[in-house]
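Numbers restart at 1 for each chain; the letters A, B, ... are given by sequence-line order, proteins then strands.
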2 protein chains.
Amino acid sequence: MEKIKKILEEKGIKPSIQRIKIFECLMCDGDHPTAKDIYEIIFKEIPTLSKTTIYNTVKLFTDKGILKPVRIREGEVRYDIESDSHPHFRCNKCGKVFDLEKNLLIKEKKEIDGHLIEEKCVCYLGVCRNCRRKREH
Amino acid sequence: MEKIKKILEEKGIKPSIQRIKIFECLMCDGDHPTAKDIYEIIFKEIPTLSKTTIYNTVKLFTDKGILKPVRIREGEVRYDIESDSHPHFRCNKCGKVFDLEKNLLIKEKKEIDGHLIEEKCVCYLGVCRNCRRKREH
DNA sequence: TTCAAAATTGAAATCATTGTAAATAATAAA
DNA sequence: TTTATTATTTACAATGATTTCAATTTTGAA
């Protein structure tokens with residue numbers, strides 16, 4: 001609790017009860033919660049909670065660099081508190097998202113951490129050649 | 001045109017004019033169109049076109065294995081006609097998605113095909129350990 | 001305590017996608 | 001060709017996640 005307060009303050013975020021709870025929820029939940037998941041978990045403790053607060057807060061956290069949206073499938077957005085880039089594993093049955101080791105290198109292995117791998121998806125993000133030509137980057 | 005007809009028929013899909021146009025659109029557009037993109041392009045030729053037809057058709061194509069949804073960012077769904085798995089590059093400025101070579105191996109390079117790489121995103125998909133334990137797979 | 005700024009809230013709006021049922025077109029049988 | 005059957009397309013309503021916005025509440029400084 002005090003630890004979370006410190007982390008938020010270091011990033012210039014006022015540690016309101018809602019923000020602390022949301023951060024706590026993101027830390028504890030190993031499956032990368034959606035906005036809905038977060039809302040349902042915290043609503044039990046703070047019944048006056050608004051969904052807008054969840055969206056405001058994850059946006060604030062993302063802007064401040066302590067949170068990263070993970071968009072893999074189904075149009076759903078999940079959130080990852082780890083700032084360091086690392087591979088993810090998404091279950092096609094339950095939709096949960098797990099973190100994998102950063103320097104993971106899977107060649108022929110079909111299994112990792114007990115998960116059965118069926119498909120790999122790699123994407124690079126940046127500025128495409130067309131947009132680079134238009135403006136200076 | 002005749003070529004597209006054949007491809008569809010081989011997959012057991014009746015080649016209606018809408019389906020041919022949608023397939024054609026997916027082939028020509030190098031940026032992986034969204035459902036909205038497809039609608040706007042084809043609407044010019046077929047003004048009676050319904051958005052539902054776009055969604056029906058991309059679902060049909062996906063089920064038949066000739067199309068793959070690409071979900072990278074922004075909650076948007078784009079479509080990729082290539083059936084073979086390969087890396088993608090998504091532009092953070094314009095949102096367009098480009099195909100990259102299948103066996104691409106980028107280590108320190110910051111550039112590929114003229115695109116500036118800022119971030120890499122790797123994801124594995126399959127059945128997680130929890131779901132495997134529950135049922136047999 | 002008072003006041004202004006920041007944070008939270010609920011309700012309405014938006015927007016992509018899905019569901020549904022009617023209309024239309026294509027195909028097969030008589 | 002006519003009719004019946006089936007597949008396809010369409011319009012419109014419904015859904016659900018997210019955003020907008022104005023009003024209310026909380027906070028912190030003076």
Side-chain angles (χ1 to χ4, degrees), chain A residues 4-5 8-9 11-26 32-64 66-79 95-97, chain B residues 4-5 8-9 11-26 32-64 66-79 95-97:
Chain A
I4 293 173
K5 263 192 183 175
L8 295 181
E9 275 164 355
K11 292 283 177 177
I13 299 167
K14 277 188 200 162
S16 69
I17 182 67
Q18 289 88 345
R19 288 169 177 176
I20 290 169
K21 286 286 164 198
I22 291 168
F23 192 93
E24 197 181 14
C25 178
L26 284 157
H32 300 73
T34 61
K36 198 186 167 212
D37 293 338
I38 299 170
Y39 178 77
E40 282 167 4
I41 291 166
I42 303 178
F43 183 79
K44 288 172 195 161
E45 294 186 64
I46 309 174
T48 59
L49 186 71
S50 164
K51 274 187 185 171
T52 308
T53 302
I54 308 292
Y55 286 107
N56 287 344
T57 305
V58 293
K59 186 173 187 317
L60 177 71
F61 286 2
T62 304
D63 291 345
K64 295 288 185 179
I66 58 173
L67 194 65
K68 219 172 182 180
V70 183
R71 299 178 176 93
I72 300 170
R73 287 272 156 136
E74 315 304 333
E76 74 186 9
V77 184
R78 292 175 169 271
Y79 297 96
K96 286 178 182 170
V97 171
Chain B
I4 293 173
K5 264 191 181 175
L8 296 180
E9 276 165 352
K11 291 283 176 178
I13 298 166
K14 276 189 201 161
S16 69
I17 183 68
Q18 289 88 345
R19 288 169 178 176
I20 290 169
K21 286 285 164 200
I22 291 168
F23 192 94
E24 197 182 13
C25 178
L26 285 157
H32 301 72
T34 62
K36 198 185 166 212
D37 294 337
I38 299 171
Y39 178 77
E40 281 168 3
I41 291 166
I42 303 178
F43 182 79
K44 289 173 195 161
E45 294 185 66
I46 309 174
T48 59
L49 186 71
S50 164
K51 273 187 187 171
T52 310
T53 301
I54 307 291
Y55 286 106
N56 288 343
T57 306
V58 294
K59 186 174 187 315
L60 177 71
F61 286 0
T62 304
D63 291 346
K64 296 287 185 178
I66 59 174
L67 195 65
K68 220 171 181 182
V70 183
R71 299 177 177 94
I72 300 170
R73 287 273 157 135
E74 316 303 333
E76 75 187 9
V77 184
R78 291 174 169 271
Y79 296 96
K96 286 178 183 172
V97 171

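A donor-acceptor pair is defined here as one N or O able to donate and one able to accept, closer than 3.5 Å; no such pair exists between the side chain of A/R19 and the backbone of A/T57. At distances below 3.5 Å, not a single donor-acceptor pair connects side-chain atoms of A/D63 with backbone N or O atoms of A/L60. Side chain of A/H32 to backbone of A/R78: no donor-acceptor contact under 3.5 angstrom is found.
Minimum atom distance to the side chain of B/S16 is reached by D/dT8, of the listed C/dT9, C/dT17, D/dT8. For B/Q18, taking side-chain heavy atoms from C-beta onward, the closest of the listed nucleotides D/dT10, C/dT17, C/dT8 is D/dT10. Of the candidate nucleotides C/dT9, D/dT19, C/dT8, D/dT19 has the atom lying nearest to any side-chain atom of A/Y55. Of the candidates D/dA11, D/dT9, D/dT18, the closest approach to any side-chain atom of B/S50 belongs to D/dA11.
Residue contacts for A/T52: at a heavy-atom cut-off of 4.0 Å it reaches a base atom on one of the strands shown. Using a 4.0 Å heavy-atom criterion, one finds that B/K14 contacts the sugar-phosphate atoms exclusively. If you check every strand for non-hydrogen atoms under 4.0 Å, B/T53 touches a base. Using a 4.0 Å heavy-atom distance criterion, B/T34 is classed as making no nucleic acid contact.
Spacing between atom CG of A/N56 and atom C1' of D/dA22 amounts to 14 Å, rounded to whole angstrom units. Rounded to a whole Å, the CD1 atom of A/I54 is 9 Å from the P atom of C/dT9. In this structure, B/R19 places its CZ atom 14 Å from C1' of D/dT10, rounding to the nearest Å. Taking atom CD1 of A/I22 as the reference point, atom P of C/dT9 lies 9 Å away to the nearest angstrom. The interatomic distance linking A/L60 (CG) with C/dA6 (C1') rounds to 11 Å, in whole Å. Rounded to a whole Å, the NZ atom of A/K21 is 14 Å from the P atom of C/dT9. The interatomic distance linking B/L8 (CG) with D/dA7 (P) rounds to 18 Å, in whole Å. The distance between atom NZ of B/K51 and atom C1' of D/dA11, rounded to the nearest whole Å, is 13 Å.
A donor and an acceptor atom, one from each side chain of A/D37 and A/T34, are located under 3.5 Å apart.
For the pair A/L8 and A/F61, the minimum side-chain heavy-atom distance is below 4.5 Å.
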